[in-house]
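Below is one structure, written out as structure tokens; the observations come after it.
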Amino acid sequence: MQFDELNLLPHLLDALKELEYTTPTPIQEQSIPSLLQGKDLFGCAQTGTGKTAAFALPILQHLDPDGQVKGKRPIRCLVLAPTRELANQINDSFKSYGKHSKLRSMVIFGGVNQNKQVNQLNAGIDILVATPGRLLDLMNQGHIQLSKITHFVLDEADRMLDMGFIHDIKKILPRLPKNKQNIFFSATISPTIMELAGTILFDPVNVRVTPVSSTAEIVEQFVYYVEKADKRNFLKQLIKTENISHAIVFTRTKHGADRVARELTKSGLKAEAIHGDKSQNARERALAGFKNRTVSFLIATDIASRGIDIDLLEYVINFEIPEVAETYVHRIGRTGRAGASGIAYTLCSSEEKAYLKAIQKLINQQIPERTLKKA
Ligand code: AMP
């Protein structure tokens, strides 16, 4: 199937051509027709599947400004995302897919001064991408009215719950109009997720792609058994002997991320840590540096890294093993995007063996063990 078989407006097809998207991804192929018909949607998909375009394109098409109201534009689409990075990326996607439309989108999140956001809101926007806390803040201060919303997206619902946003979401939901199109995405499904979806969606279409256990198949994976105290030295050796020039390194804690970044920097490697204690500016700078390859190693915690979209990432290194097995699949899913293959190395200490076992069970494969080649 090609994009031009999906009944999208010509200006959207033009934007997609300019981005060199030729064929829709499975989530796009399955979601776009139903969304164009105005149906609610429950999507089980993770970042990297193309889910943003799957909801953004039909929304841009519905909001196309022909015959738009005169005067200040009301916000008609609200997208809630758990992290600033993801919110930024969604906003960027709306801007690039909607570049030939006159629709305006913007993003708001906490941790930065609100004045600029308020000024931009006052100018009138069509699409608002927000993290829940800052949205509630600005709603409570009277800067945001949601009574004209026609499209509502809750993205990465599972992560929202993990991050404790449920109370904020429950305060936001009743302030939205009843009659609207609702789109709900989650990478994983649990009874709590189904319950939340049930309070938002009306007779939804269900779409599910790349079950979490199968993304692992295109990524080459290896495990090295290394004790905790030896890991930092080991990492440096690994980078050297495997000739790794660009990788995300995952740690379990913010503190750990800082320590690994410091250690790599000390040995002359260009490394930056990215986690929730860093300022928004520092995180964006690190990410931009990593994308343009002036930074070789991005040391990240899971929450900070969620939603980061980096094309052509060849290596993921699990400095520590995540406690939740699905997280491993999210981490390694950052390589091997859009059909590219990637390599994931995992350093496993004796205390982490149980986590490794759970991961192997989830992905239904044994991760082969490796030992370090002599430099
Ligand atoms: P997402 O899952 O929405 O975060 O998208 C993951 C990445 O895939 C982003 O870099 C998108 O720009 C890219 N992408 C989305 N749809 C397509 C497509 N149909 N063809 C090629 N790349 C795509």
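Atoms within a ligand are numbered from 1 in the order they appear, just like the ligands themselves.
- Side-chain contact check for Q237 and Y224: no donor-acceptor pair (N or O, by modelled atom type) lies under 3.5 Å.
- Within the 4.0 Å heavy-atom shell around ligand 1 one finds T23.
- Of all atoms in ligand 1, listed by their number and element, those nearer than 4.0 Å to a heavy atom of K51 are 1 (P), 2 (O), 3 (O).
- Paired with D126 under the rule salt bridge (Lys or Arg N to Asp or Glu O under 4.0 Å), one option of R104, K95, R73 passes, and it is R73.
- Taking a cut-off of under 4.0 Å to the non-hydrogen atoms of G50, the atoms of ligand 1 that pass are 1 (P), 2 (O), 3 (O), 5 (O), 15 (C).
- Taking all heavy atoms of Y21, Y97, F185 into account, the minimum distance to atom 13 (C) of ligand 1 is reached by Y21.
- When heavy-atom distances to ligand 1 are checked against a 4.0 Å cut-off, Q28 comes that close only through its side chain, counted from C-beta outward.
- In the vicinity of F3, heavy-atom distances shorter than 4.0 Å reach the ligand 1 atoms 19 (N).
- With respect to the salt-bridge test (charged N to carboxylate O, under 4.0 angstrom), the residues E352 and K228 do not qualify.
- In summary, R370 and E242 engage in a salt bridge, as defined by a charged side-chain N under 4.0 Å from a carboxylate O.
- Close N/O approach between T52 and ligand 1 is found [any backbone or side-chain N/O within under 3.5 Å].
- In this structure, K353 satisfies the cation-pi test against Y225, with its NZ or CZ atom closer than 6.0 Å to the six-membered ring centre and inside 45 degrees of the ring normal.
- Across M160 and D155, no two heavy atoms sit closer than the pair CE-O, 3.7 Å.
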